[in-house]
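Some notes on the structure that comes next.
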2 protein chains.
Amino acid sequence: MKEALRKKGVPLTPQRLMILDVLQGSHDHVSAEDIFHEVQKSYPYINISTVFRTLDLLKDLDMVTVTDLGGGCLRYHTVTNSHHHHLICHRCGSTTEIEDSVLEPVRRAIDAGYGFEAQMHHFAIWGLCRECRHTDKEQQ
Amino acid sequence: MKEALRKKGVPLTPQRLMILDVLQGSHDHVSAEDIFHEVQKSYPYINISTVFRTLDLLKDLDMVTVTDLGGGCLRYHTVTNSHHHHLICHRCGSTTEIEDSVLEPVRRAIDAGYGFEAQMHHFAIWGLCRECRHTDKEQQ
DNA sequence: ATGACGATTGCAAGTAATTGCAACTGCATA
DNA sequence: TATGCAGTTGCAATTACTTGCAATCGTCAT
């Protein structure tokens with residue numbers, strides 16, 4: 001990741017290096033606040049807007065994905081070669097990871113129909129999970 | 001819409017009626033701010049949090065969709081029986097409306113694979129439009 | 001070395017949206 | 001008519017994120 005940025009001629013400042021370390025060190029979906037607090041441990045002078053601006057930069061370079069997984073803030077995730085998406089139940093809040101291949105037919109249909117290159121790297125798909133669908137039916 | 005709310009036993013306060021009128025009167029995708037200013041014309045004492053809380057209520061009842069179409073704020077749209085989605089080019093900003101049927105294979109695959117009822121009523125799909133893909137290739 | 005430049009940063013102020021809370025409303029019940 | 005209560009509203013404060021701007025940094029030519 002650092003190598004890729006260097007190749008593109010993007011200046012690797014100390015702040016950016018620390019943010020990258022946190023992003024790559026955590027395999028979860030982290031919030032800007034998470035990163036901010038983690039970097040603060042070693043460099044207390046870091047500013048939250050630097051974190052947001054770095055994440056923005058990485059997003060524009062397609063190196064991180066930004067997703068609203070609920071919980072009141074956006075979540076950031078480094079782009080790996082195997083994309084994935086999330087099913088989120090808006091009743092019970094449970095989440096399930098799904099493979100990117102599920103979205104492939106849509107990508108193809110959009111390309112064929114509109115010539116549009118859909119970059120769906122990390123989607124949050126809201127709905128009702130298996131369990132909540134069943135309790136719904138029982139109630140009726 | 002008002003009838004549907006009345007049936008569900010949701011109190012139809014004057015504020016809610018005015019918000020509903022604006023929502024149904026504008027066939028576009030409106031922001032909370034748009035609604036707020038429109039209602040203010042006839043009732044200057046309306047509060048922006050009432051607008052947000054009403055939109056939240058309508059969202060929970062699946063009567064409006066909430067979508068981030070860019071532009072710095074969320075856009076609200078009454079749910080009609082014919083859903084649609086948006087392709088947004090993150091290079092030139094152009095938007096294209098697409099039919100819901102494009103997402104049908106995904107809905108089916110997610111149902112078959114996970115038993116999850118995906119409620120994709122109003123998606124913003126970001127990517128590169130036909131024109132920007134071509135200029136991209138020319139540059140290389 | 002020196003100065004010019006473009007990019008980055010920290011800070012403060014701003015924006016969109018949410019939340020806590022007290023006051024109010026409509027409605028049922030005594 | 002008075003009382004209680006659930007639901008709603010307005011207000012103020014807060015949260016997540018963005019933006020404008022001055023100060024700083026790196027680096028490149030002189």
For this session: Summarise how protein sits on nucleotides 15-24 of chain C as a single string, 5' to 3': B when a protein heavy atom is under 4.0 Å from the base, S for sugar-phosphate-only contact, - for no contact.
Result: -SBBBBB---

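Counting to the nearest Å, the P atom of D:dT18 and the CZ atom of A:Phe36 are 15 Å from each other. Distance, A:Arg16 CZ to D:dG26 P: 13 Å, rounded to whole Å. Here D:dT24 presents its C1' atom at 16 Å from OH of A:Tyr45, a figure rounded to the nearest Å. Between A:Arg6 atom CZ and D:dT27 atom P the separation is 12 Å, expressed in whole Å. If you take CG of A:Leu69 and P of D:dA16, they are 15 Å apart, rounded to a whole angstrom. Atom P of nucleotide C:dT8 and atom CG of A:Asp60 are separated by 12 Å, given to the nearest angstrom. One interatomic measurement links the two molecules: CG of A:Leu12 to P of D:dG26, which rounds to 13 Å at whole-angstrom precision. C:dT25 atom P lies 17 Å from atom CG of B:Leu17, rounded to whole Å.
By the 4.5 Å heavy-atom criterion applied to side chains, B:Phe36 and B:Ile46 are counted as neighbours. A heavy-atom distance below 4.5 Å is not found between the side chains of B:Val39 and B:Asp21. Looking at A:Ile88 and A:Leu69, their side chains come closer than 4.5 Å, going by heavy atoms from C-beta outward.
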Exercise. When you look at B:Asp60 and A:Arg91, which way does the salt bridge (charged side-chain N to carboxylate O under 4.0 Å, His left out) test go after all the steps?
Worked result: CA-CA 10 Å; B:Asp60 288 347; A:Arg91 170 150 318 188; over 6 Å; no

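Tested against B:His77, the residues B:His83, B:His84, B:His85, B:His86 include a single ring-ring contact (aromatic ring centres under 6.0 Å, His included) partner, B:His84.
In summary, the side chains of B:His121 and B:Thr65 do not present any donor paired with an acceptor at a separation below 3.5 Å, with no hydrogens or angles considered.
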